[in-house]
**Student:** 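Let me begin by handing over the structure; questions about it come next.
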Amino acid sequence: MKSLLNLSDLEIGEILSILDEAERFKAGAKCALAQGKLVANLFFEPSTRTQYSFVTAEMRLGCQTLNFNPEGSSMKKGETFYDTVKTFESMGISAIVIRHKENEYYKQLEKLNVPILNAGDGTGNHPTQSLLDLMTIRQEFGKFEGLKIAIIGDIQHSRVAHTNFEVCKRFGMEVYTSGPKEYSEDTVPHISMDKAVKEMDVIMLLRVQHERLESEMKMTEDEYNALYGMNIERLQCMKKNAIIMHPAPFNRGYELTDDIVECPQSRIFKQMENGVYVRMAVVKRALDC
Ligand code: CP
């Protein structure tokens, strides 16, 4: 049973084989054995990209999908999270995709006999986002070893940052952080935004997660962007082949100005495209077909 809970559970070779499979799907590969299998998508937190790229991936594999709406479910009558997921297992679902606000929610589900695909757990991990980030970086540079990446912004609340710190270091990348000190963590070296734009191969911006902040953001958009965001002035300081990434959704004006979103160095929409292929690979792996 091949769940995907956290990339740190996977050997480097297994991560590479998921990326290779994703590239085969991008090139048009099909998966006849996935036809008709039932996959349920349980999103307890809002999502556009992850939720609908999982649905797209499942449909392209020929699976049948169930999209759970917590607001219209028996959870409103007091049913627990565990009992809800157990219900889908009992109905013979072949794999269950879950996003939940609690870090490591999946530890409650260890007894279940159905693959769980983690679509994001609180501020903990976002393994499929990191896989699509790795796919995008490898397409660009053809390697990971020796590349310099700065992950910039609200580090403390970012499951994307937490998963990418671990996996990028394992792949031999030099990992740095930048952004407001109050949202930083001391597990990764901190550099200034101006140094980051001059020296990095990958500038990975993170969303200011207003909904997770304990107190309201005190800076205006312009103040935040001037200190920690990408804009035309900083774009001109980047290395020749460096790229800009962002898991999205993004706050236009804060992490990046409008003219950065679709600039030639931006890979933001390429990341979204790759998300479908990575999720096809992950669902196929879970279905063991
Ligand atoms: N990147 C990401 O997880 O986006 P969603 O929250 O829209 O799924």
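Indexing begins at 1, ligand by ligand and atom by atom, following the structure's order.
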**Student:** Could you give me the CA-CA distance, side-chain angles and deciding distance for T257 and N225, then say whether side chain to side chain contact (heavy atoms under 4.5 Å, CB included) is met?
**Tutor:** CA-CA 8 Å; T257 49; N225 185 265; 3.7 Å; yes

**Student:** Which part of A119 is near ligand 1, with near meaning a heavy atom under 4.0 Å away: side chain, backbone, both or neither?
**Tutor:** neither

**Student:** Which of the numbered atoms in ligand 1 are under 4.0 angstrom from any heavy atom belonging to T48?
**Tutor:** 5 (P), 7 (O), 8 (O)

**Student:** Does the N or O separation between Q51 and ligand 1 drop below 3.5 Å for any pair?
**Tutor:** no

**Student:** Identify the residue among N164, N274, V278, T128 that makes a side-chain contact (heavy atoms from CB on, under 4.5 Å) with D133.
**Tutor:** N164

**Student:** Looking only at distances, can you tell me whether any N or O atom of P249, backbone or side chain, sits closer than 3.5 Å to an N or O atom of ligand 1?
**Tutor:** no

**Student:** Going by the closest heavy atom to atom 1 (N) of ligand 1, which one wins out of G275, G120, A248, S53?
**Tutor:** A248

**Student:** Please determine which of I96, I93, N41 meets the side-chain contact (heavy atoms from CB on, under 4.5 Å) test together with L66.
**Tutor:** I93

**Student:** Could you list which atoms of ligand 1 come closer than 4.0 Å to a heavy atom of P247?
**Tutor:** 1 (N)

**Student:** Starting from the C-alpha separation in whole Å, work towards a yes-or-no answer on side chain to side chain contact (heavy atoms under 4.5 Å, CB included) for F171 and I12.
**Tutor:** CA-CA 8 Å; F171 271 106; I12 290 274; 3.8 Å; yes

**Student:** Within the structure, is a non-hydrogen atom of R99 found at a distance of less than 4.0 Å from ligand 1?
**Tutor:** yes

**Student:** Should you measure from each heavy atom of H126, which atoms of ligand 1 turn up under 4.0 Å away?
**Tutor:** 2 (C), 3 (O)

**Student:** For N118, run the side-chain contact (heavy atoms from CB on, under 4.5 Å) check against L4, V97, N125 and tell me which one passes.
**Tutor:** N125

**Student:** Going by ring-ring contact (aromatic ring centres under 6.0 Å, His included), F68 matches just one of F81, F43, F88. Which one?
**Tutor:** F88

